[in-house]
Amino acid sequence: MTMTRRNFIITLAASALMLLLDACGSRKMKKISLPDDFKGPRELGRLYGVKITPEDNIFLYNEGARWLGVPHRMGGMTKKGVDCSGFVTIIYRNIYRKKLERNSADMLKKNCKRIRRGKLKEGDLVFFYTGRGRKRKPNHVGIYLKNNRFIHASTSRGVIVSSLNEPYYLRTWMCGGRVR
């Protein structure tokens with residue numbers, strides 16, 4: 001095993017062990033296992049078009065993978081259909097245990113500190129103004145992954161991974177947001 005792969009396995013095992021510990025301080029160990037659909041770094045890397053490393057939050061990538069292809073539905077928050085802010089809300093609740101506002105403008109205003117594009121880190125939010133709604137307020141949001149890639153619920157293609165370098169996202173970019 002290479003040292004990097006070994007470190008990744010150790011990190012994954014440590015993360016799984018931390019999940020076993022009760023946050024309330026209970027001494028009783030609970031038996032939990034990874035879900036059957038939990039994917040490894042190679043499979044996730046192929047899905048997202050990026051190399052998944054030990055430093056990446058594999059749980060974020062796995063949760064996002066479970067939603068890929070879910071169609072867009074305004075106001076939706078289920079696998080039958082989800083909108084962009086609903087998708088972000090669900091991912092943040094499941095992965096980071098944080099409750100976010102339900103629309104992109106309120107997420108930016110109440111839950112985030114604005115950050116520049118060059119300062120984005122995995123898990124940061126990315127905000128866009130797509131030409132509908134009130135000017136200067138974002139009406140689309142996604143979650144930054146790495147290498148200028150982000151996951152979001154597109155109105156035309158459902159939950160997908162896109163690049164911030166695509167002309168459409170360069171044109172509609174507003175700012176990044178680091179959740180407080």
Side-chain angles (χ1 to χ4, degrees), residues 7-8 11-12 14-16 18-19 23 39 41 44-45 47-68 70 72 74-77 82-155 157-180:
N7 287 346
F8 179 74
T11 302
L12 185 59
S15 296
M18 287 177 65
L19 286 173
K39 295 170 180 27
L44 289 169
L47 277 174
Y48 287 100
V50 295
K51 183 177 181 182
I52 307 297
T53 67
E55 291 78 31
D56 296 322
N57 183 341
I58 197 164
F59 297 101
L60 170 62
Y61 286 88
N62 263 285
E63 185 67 17
R66 290 184 187 103
W67 287 84
L68 287 173
V70 170
H72 181 272
M74 189 60 72
M77 289 190 67
V82 67
D83 64 16
C84 65
S85 58
F87 172 71
V88 169
T89 299
I90 291 165
I91 296 295
Y92 255 78
R93 182 185 65 219
N94 293 347
I95 299 303
Y96 300 107
R97 304 286 186 242
K98 291 188 177 187
K99 185 178 191 298
L100 300 180
E101 296 297 323
R102 183 56 180 86
N103 70 63
S104 54
D106 286 343
M107 279 181 195
L108 178 58
K109 184 178 180 181
K110 298 177 182 176
N111 301 128
C112 294
K113 174 188 172 201
R114 284 180 182 248
I115 55 172
R116 293 188 318 248
R117 188 174 154 161
K119 300 288 185 181
L120 289 170
K121 293 181 181 177
E122 177 184 85
D124 285 340
L125 302 185
V126 289
F127 293 95
F128 305 89
Y129 173 71
T130 62
R132 292 182 296 249
R134 290 185 234 161
K135 250 196 184 314
R136 304 306 312 155
K137 289 189 178 183
N139 59 1
H140 187 64
V141 63
I143 301 172
Y144 186 76
L145 300 170
K146 65 191 286 187
N147 300 345
N148 284 317
R149 313 232 350 122
F150 69 104
I151 188 167
H152 62 117
S154 154
T155 55
R157 296 174 36 209
V159 178
I160 59 171
V161 176
S162 298
S163 171
L164 290 174
N165 294 329
E166 292 174 30
Y168 178 76
Y169 296 112
L170 286 170
R171 186 174 67 251
T172 59
W173 169 262
M174 281 193 71
C175 65
R178 181 135 319 133
V179 176
R180 293 177 240 196

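How far NZ of Lys121 is from CG of Asn57: 14.0 Å, rounded to the nearest 0.5 Å. To the nearest 0.5 angstrom, Leu170 atom CG is 9.0 Å from Asn148 atom CG. Atom CD1 of Ile90 is separated from atom CD1 of Ile95 by 12.0 Å, given to the nearest 0.5 angstrom. Within the model, atoms CG of Asp106 and CG of Asn111 stand 8.5 Å from one another, a figure rounded to the nearest 0.5 Å. Rounded to the nearest 0.5 Å, atoms CZ (Arg178) and CG (Leu120) are 7.5 Å apart. For the atom pair CG of Leu108 and CG of Leu125, the computed distance is 8.5 Å after rounding to the nearest 0.5 Å.
With hydrogens and angles disregarded, a donor-acceptor distance shorter than 3.5 Å links the side chain of Asn103 to the backbone of Ala105. Under a 3.5 Å cut-off, the side chain of Asn139 and the backbone N or O of Thr130 do form a donor-acceptor pair. At distances below 3.5 Å, not a single donor-acceptor pair connects side-chain atoms of Tyr61 with backbone N or O atoms of Ile52. In this structure, Arg180 contributes its side chain and Cys112 its backbone to a donor-acceptor pair below 3.5 Å.
Here the closest heavy-atom approach between residue Ser163 and residue Arg149 is recorded as CB-NH1, 4.1 Å. Between Ser85 and Ser104, the shortest heavy-atom distance links the atoms CB-N, 4.0 Å. Residue Ile115 comes nearest to Gly177 through the heavy atom pair CG1-N, 3.8 Å, listed as atom of the first residue, atom of the second, then distance. Minimum interatomic distance between Met174 and Arg136 (heavy atoms only, all atoms of both residues): CE-O, 3.4 Å.
Atom CZ of Arg157 sits in a sparse spot, with 12 or fewer heavy atoms from other residues, nucleotides or ligands closer than 6.0 Å.
By the 4.5 Å heavy-atom criterion applied to side chains, Tyr169 and Val126 are not counted as neighbours. For the pair Asp124 and Lys119, the minimum side-chain heavy-atom distance is 4.5 Å or more. A heavy-atom distance below 4.5 Å is not found between the side chains of Tyr96 and Val179.
The only member of Val141, Val70, Ile151 that meets side chain to side chain contact (heavy atoms under 4.5 Å, CB included) when paired with Phe87 is Ile151. When His152, Arg102, His72, His140 are each tested for a side chain to side chain donor-acceptor pair (under 3.5 Å) with Asp83, only one passes: Arg102. Of the residues listed (Phe128, Tyr144, Phe127, Trp173), the one engaging Phe150 in a ring pair (Phe, Tyr, Trp, His ring centres under 6.0 Å) is Phe128, and it is the only one.
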Passes side-chain contact (heavy atoms from CB on, under 4.5 Å), Asn147 versus Lys51? Steps please.
CA-CA 9 Å; Asn147 300 345; Lys51 183 177 181 182; over 6 Å; no

Using the side-chain contact (heavy atoms from CB on, under 4.5 Å) rule, take Val50 and Leu145 through it: C-alpha gap first, then chi angles, then the decisive distance, then the call.
CA-CA 9 Å; Val50 295; Leu145 300 170; 5.9 Å; no

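Residues that satisfy the salt bridge (Lys or Arg N to Asp or Glu O under 4.0 Å) test with Lys146, not counting sequence neighbours, are Asp56.
Residues in residues 108-118 take part in no salt bridge (Lys or Arg N to Asp or Glu O under 4.0 Å) pair, two or more places apart or across chains.
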